[in-house]
Asks: 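Please find one structure pasted underneath; my questions will follow.
We count ligands from 1, going down the list as the structure has it; atoms in each ligand are counted the same way.
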Amino acid sequence: MTTAPPAFPQARVCPHLPPPAYAELRQGPALRRVTTYAGQLAWLVTRYDQARTLLKDPRLSSDRRRPGFPVISVQVELLTERKRQALIGMDPPEHDIQRRMFLPDFTLKKVRERRADIERIVHESLDDMLAQGPPADLYRDFALPVPFRVICRLLGAPWEDRDFFQDAIRRLVRTFSTEEGRQAGAELLAYFEHLVTEYKKTPDGAGLIGRLAGTGRISDDDLALAAMSLLIAGHETTAAMISLGAVTLMENPDQLAAIRADPEAIVPAVEELLRYQSIADSANIRVATADIEIDGVVIKAGEGVLVPASLANRDAEVFENPDVFDAGRDAGGHIAFGYGRHQCLGQNLARLELQIALTALWQRIPTLRMTVPAEELAPRPPGAIQGIDALPVTW
Ligand code: HEM
């Protein structure tokens, strides 16, 4: 009797660590079969070199509509039904054209110009939290509002509508019901379609939406979908990293003390946090458009390929003692932002936000501590951006 390949993704037990079963998967072959959420067989890539080779391979498609695309969650299932795809689900040439259109807002130079604005947002959020506490919920009061305000400003999405955004996004990204997710996605898209129409009436409108609306470079429908996707991608991930980053630093007080003593130390520390936590296991999913031979196996055209950062970023041949959090190591080669053509568009922004937020947090609140043990924080379900939805703290 043959046993079914293991399920992928699996649930985290502790939100800031990969599922325990992944340690075993890393000991096996570089490519192995797994069973997706939807019951398909797909290839799981467990090693760093093979992960990078495949993420560079043009024979792998990101188009969620292609038959065989690995469905690892309700959210991916909803994307397979969509007529239009956002950047992350596009293949060339459309992908490259659209990416070039958005890039000017995300270059290192442009992002650095936002430093003062991000610092102001971080300190205002801390002012609010300090005025109301202790105690506080560090996720609700700090980790979430900071990237949310930053991405709203970058896009030109009105901050007054934040309650609607947050409610609809929660219903879309946290649901287990295709019906609820479909409804929330439709509400968000309709909102942004309306916003694009409004922006077309006011030339030189704010942010990325204002810059592109009505220029004829991108259709209104594609701009609305892009704005919605950027709003979600631009804060879900960073909010998760700020909160889980804070957890890992509080769990490692000696390393936190060393980071606080040296203002430069936050830069490598953020890279190590990105590697160690690898929150975006639901990204880096592909389907083969042709047979691909790698490491003695043939990935057949139409088969799904999963390249989770949480496995590649813990490859012992690349990162010594990969299960150890070492804020001083050179973790720069990690693939927490993906690799190749779809490598994260917002990585410069995310890095700067994390560096500023995790520095200011202890400058302003040196005695910050969790009021529950890290093991009691509830992880998110597999297939979601990994993170926490509440982080009780005091000072
Ligand atoms: C792509 C992770 C922050 C926008 C990706 C990918 C990963 C990732 C792994 C690659 C997906 C793939 O290849 O299939 C992260 C993490 C973040 C973060 C860990 C925070 C710590 C952001 C921010 C933005 C953003 C702040 C800003 C808008 C995007 C976009 C793509 C992307 C648009 C698609 C790029 C393309 O397909 O060309 N991200 N991301 N991300 N990310 Fe991020």
Side-chain angles (χ1 to χ4, degrees), residues 45 51-52 54-57 60-64 69-70 72 76 79 85-107 110-111 114 118 143 146-157 207-209 222 225-245 270-287 304-313 331 334-358 384-387:
V45 184
R52 296 215 312 179
L54 284 167
L55 288 174
K56 277 264 184 198
D57 195 314
L60 286 182
S61 165
S62 289
D63 189 338
R64 274 68 178 148
F69 196 88
I72 60 158
V76 175
L79 294 173
Q85 295 289 311
L87 193 60
I88 203 166
M90 286 179 173
D91 289 335
E94 292 81 12
H95 169 269
D96 302 5
I97 295 167
Q98 194 173 96
R99 188 167 166 119
R100 268 198 299 277
M101 236 181 276
F102 301 152
L103 208 55
D105 284 292
F106 295 97
T107 61
K110 256 280 158 9
V111 164
R114 293 188 171 273
I118 298 172
V146 166
F148 209 85
R149 276 177 73 180
V150 171
I151 193 68
C152 280
R153 281 175 67 79
L154 188 147
L155 293 174
L208 181 146
I209 308 173
D222 280 347
L225 179 59
M228 167 183 157
S229 317
L230 288 167
L231 181 72
I232 300 172
H235 85 280
E236 263 281 293
T237 43
T238 315
M241 279 303 305
I242 294 173
S243 45
L244 289 186
V270 161
E271 297 311 311
E272 173 66 348
L273 285 170
L274 286 159
R275 180 197 74 84
Y276 187 71
Q277 283 160 354
S278 295
I279 57 163
D281 269 359
S282 49
N284 298 348
I285 43 181
R286 304 285 189 267
V287 62
V305 181
L306 307 162
V307 195
S310 62
L311 291 171
N313 283 343
H334 69 73
I335 62 158
F337 287 122
Y339 190 69
R341 163 175 297 130
H342 289 275
Q343 197 176 42
C344 182
L345 180 73
Q347 61 183 293
N348 295 324
L349 182 66
R351 284 193 167 101
L352 189 62
E353 288 184 77
L354 284 165
Q355 290 163 10
I356 295 172
L358 292 173
I385 293 291
Q386 292 304 302

Asks: Restricting to non-hydrogen atoms, name the atom on Arg286 and the atom on Pro70 that form the minimum distance, rounded to 0.1 Å.
Replies: O-CD, 3.2 Å
Asks: Just so I know, are the side chains of Asp222 and Glu94 near enough to count as touching, which here means a heavy-atom distance under 4.5 Å?
Replies: no
Asks: Which ligand 1 atoms does Ala283 reach within 4.0 Å, using its non-hydrogen atoms?
Replies: 9 (C), 11 (C)
Asks: How many angstroms lie between CD1 in Ile151 and CG in Asp105, if you round to the nearest 0.5 Å?
Replies: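 Those atoms lie 9.0 Å apart.
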Asks: Where the closest heavy atom to atom 17 (C) of ligand 1 is concerned, which of Leu231, Thr237, Leu155, Val150 has it?
Replies: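 Shortest heavy-atom distance from atom 17 (C) of ligand 1: Thr237.
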Asks: Would you say the side-chain atoms of Gln277 pair up with the backbone N or O of Leu244, donor to acceptor, closer than 3.5 Å?
Replies: yes
Asks: According to the interplanar angle, ranging from 0 to 90°, do the rings of His342 and His95 count as parallel (below 30°), tilted (30 to 60°) or perpendicular (above 60°)?
Replies: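 Taking His95 first and then His342, their aromatic rings sit tilted (interplane angle of 30° to 60°).
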Asks: Whether the side chain of Arg149 engages the backbone of Pro147 through a donor-acceptor N/O pair (distance < 3.5 Å, no angle test) should be reported.
Replies: no
Asks: Which of the atoms of ligand 1 are close to Arg341, meaning less than 4.0 Å from one of its heavy atoms?
Replies: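 Under 4.0 Å from Arg341, ligand 1 has these atoms: 38 (O).
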Asks: For ligand 1, which atoms, with element, lie under 4.0 Å from some heavy atom of Ile151?
Replies: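 That gives atoms 28 (C) of ligand 1.
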Asks: Before signing off on this row, confirm whether Arg99 and ligand 1 have an N or O atom pair separated by under 3.5 Å.
Replies: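 Yes - when backbone and side-chain N and O of Arg99 are compared with those of ligand 1, one distance drops under 3.5 Å.
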Asks: Regarding atom 31 (C) of ligand 1: of the candidates Leu345, Val111, Ile385, which has the closest heavy atom?
Replies: Leu345
Asks: Between the candidates Ala233, Gly89, Ala86, Pro308, which shows the shortest non-hydrogen contact distance to atom 23 (C) of ligand 1?
Replies: Ala233
Asks: Please could you name the atoms of ligand 1 that Leu87 approaches to less than 4.0 Å, counting only its heavy atoms?
Replies: 35 (C), 36 (C), 37 (O), 38 (O)
Asks: Report the nearest protein non-hydrogen atom to atom 43 (Fe) of ligand 1: residue, atom name, distance rounded to 0.1 Å.
Replies: Cys344 SG, 2.3 Å
Asks: Counting only N and O atoms by type, is there a donor-acceptor contact under 3.5 Å from the side chain of Asp91 to the main-chain atoms of Ser62?
Replies: yes
Asks: Does a side chain donor of either Gln347 or Arg351 reach within less than 3.5 Å of an acceptor in the other side chain?
Replies: yes
Asks: Any idea which part of His95 is under 4.0 Å from ligand 1, heavy-atom wise: side chain, backbone, both or neither?
Replies: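 His95 to ligand 1: side-chain contact only, backbone stays beyond 4.0 Å.
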Asks: N/O to N/O below 3.5 Å, does that happen between Asn284 and ligand 1?
Replies: yes
Asks: With a 4.0 Å heavy-atom cut-off (strictly under), which part of His342 contacts ligand 1: side chain, backbone, both or neither?
Replies: both
Asks: Could you tell me which atoms of ligand 1, counted from 1 in the order shown, lie closer than 4.0 angstrom to a heavy atom of Gly338?
Replies: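 Those of ligand 1 that fall under 4.0 Å from Gly338 are 9 (C).
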Asks: Gln85 side chain to Leu79 main-chain N or O, any donor-acceptor pair under 3.5 Å?
Replies: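 Yes, the answer is positive, given that a donor and an acceptor are paired below the 3.5 Å cut-off.
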Asks: For ligand 1, which atoms have a heavy atom of Phe106 less than 4.0 angstrom away?
Replies: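 So the answer, numbered in order with elements, is 27 (C), 28 (C).
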Asks: Any idea which protein heavy atom is nearest atom 27 (C) of ligand 1, and the distance to it?
Replies: Gly234 CA, 3.6 Å
Asks: Give the residue, atom name and distance (to 0.1 Å) of the protein heavy atom nearest atom 13 (O) of ligand 1.
Replies: Arg286 NH2, 2.8 Å
Asks: For atom 33 (C) of ligand 1, find the nearest protein heavy atom and state the residue, atom name and distance (0.1 Å precision).
Replies: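 Here the closest protein heavy atom is Leu230 CD2, 3.6 Å.
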Asks: Between Asn284 and Gly338 (side chain of the first, backbone of the second, donor and acceptor by atom type, cut-off under 3.5 Å), is there such a pair?
Replies: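 No: the side chain of Asn284 does not pair with the backbone of Gly338.
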Asks: For Thr237 and Ile279, what are the C-alpha separation, side-chain angles and deciding distance, and is it a side-chain contact (heavy atoms from CB on, under 4.5 Å)?
Replies: CA-CA 7 Å; Thr237 43; Ile279 57 163; 4.2 Å; yes
Asks: For atom 21 (C) of ligand 1, what's the nearest protein heavy-atom neighbour? Residue, atom name and distance, please.
Replies: Met241 CG, 3.4 Å
Asks: What part of Met90 sits under 4.0 Å from ligand 1 if we count only heavy atoms: the side chain, the backbone, both or neither?
Replies: neither
Asks: Should one rank Phe102, Tyr339, Phe337 by closest heavy-atom distance to atom 6 (C) of ligand 1, which comes out on top?
Replies: Phe337
Asks: Counting only heavy atoms, which portion of Ala336 has something under 4.0 Å from ligand 1: side chain, backbone, both, or neither?
Replies: backbone
Asks: Looking at Thr107 and Asn348, what are the two nearest heavy atoms and their distance?
Replies: C-ND2, 3.7 Å
Asks: Hey, is the main chain of Ala384 close enough, under 3.5 Å, to the side chain of Gln386 for a donor-acceptor pair?
Replies: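 Yes.
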